[in-house]
A.B. asks: 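Please see the structure below; I have some questions.
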Amino acid sequence: MTRYWLMKSEPEVYSIDDLERDGGTYWNGVRNYQARNFMRDEMKPGDQVLYHHSNADPPGVAGIAEVTRAGYPDPTARDPASDYFDPKAGDDDPRWYMVDIAFRERFPALVSLDALRAASGLEKMLVINRSRLSVQPVTPDEFRIVAELGRASRPG
DNA sequence: GCCAACGTTGGC
DNA sequence: GCCAACGTTGGC
């Protein structure tokens with residue numbers, strides 16, 4: 001069963017343009033248990049992802065990606081040289097997980113957070129109500145509505 | 001840069 | 001196991 005997600009990235013750090021250039025990437029560095037659980041337990045290859053720019057002006061959904069590898073241990077948690085190092089991660093408990101994603105689509109223009117708030121059918125989206133969760137599920141309807149808004153967008 | 005929301009830590 | 005203190009996120 002295909003599931004749908006929203007994943008956030010700061011464009012200053014890694015934007016949809018970076019993802020398009022690279023073709024795909026691994027989603028390391030998530031250090032939140034709820035987001036970790038989604039990646040470890042629920043995300044599967046083929047799942048579709050709304051790629052959201054946070055800490056941006058404006059913030060919003062920039063395009064679509066696809067999960068290409070299900071959750072596996074995030075090696076940066078064990079790397080003392082990494083910003084994401086976690087001394088509590090160990091051999092028998094990787095503690096943090098990541099997935100791989102691939103670029104699929106870049107919207108002509110970003111679907112801003114304001115546009116998401118204004119759209120009918122997106123009232124319950126977590127990105128509106130719980131903006132701090134960096135990996136979050138979206139319903140098939142929410143995904144479809146955002147994708148349609150994105151594809152219909154015009155560059156500003 | 002501010003600050004509200006909220007997740008995590010640690011003392012008790 | 002509670003909860004105050006603290007750190008981080010992210011919209012503005």
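Naming convention: chains lettered A, B, ... in sequence-line order (proteins, then strands); numbering from 1 in each chain.
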A.B. asks: Round to the nearest Å and state the distance from A/Glu12 atom CD to C/dG11 atom P.
C.D. replies: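 Whole-Å distance recorded here is 14 Å.
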A.B. asks: What pairs meet the salt bridge (charged side-chain N to carboxylate O under 4.0 Å, His left out) rule with one or both residues in residues 46-72 of chain A, with sequence neighbours excluded?
C.D. replies: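 Qualifying pairs: A/Glu66-A/Arg104.
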A.B. asks: For A/Asp22, give me all partners under side-chain contact (heavy atoms from CB on, under 4.5 Å), at least two apart in sequence or on another chain.
C.D. replies: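 Expected list: A/Tyr14.
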A.B. asks: What does the B/S/- profile of nucleotides 4-10 of chain C look like, 5' to 3', with a 4.0 Å heavy-atom cutoff to protein?
C.D. replies: ---BBBB
A.B. asks: List for me each residue that meets side-chain contact (heavy atoms from CB on, under 4.5 Å) alongside A/Ser15, sequence neighbours excluded, and say none if there are none.
C.D. replies: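 Scan of A/Ser15 (side-chain contact (heavy atoms from CB on, under 4.5 Å), adjacent residues dropped) gives A/Pro11, A/Asp17, A/Asp18, A/His53.
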A.B. asks: Over all strands shown, is A/Arg117 touching base, sugar-phosphate only, or nothing at heavy-atom distances under 4.0 angstrom?
C.D. replies: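 Counting heavy atoms under 4.0 Å across all strands, the contact made by A/Arg117 is with sugar-phosphate only.
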A.B. asks: Mind checking salt bridge (charged side-chain N to carboxylate O under 4.0 Å, His left out) for A/Asp141 and listing every partner two or more places apart, or none if nothing turns up?
C.D. replies: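 Expected list: A/Arg144.
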A.B. asks: Can you name the side-chain contact (heavy atoms from CB on, under 4.5 Å) partners of A/Glu142, sequence neighbours left out?
C.D. replies: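 Once residues adjacent in sequence are excluded, the partners of A/Glu142 under the side-chain contact (heavy atoms from CB on, under 4.5 Å) criterion are A/Leu122, A/Lys124, A/Met125, A/Val138, A/Thr139.
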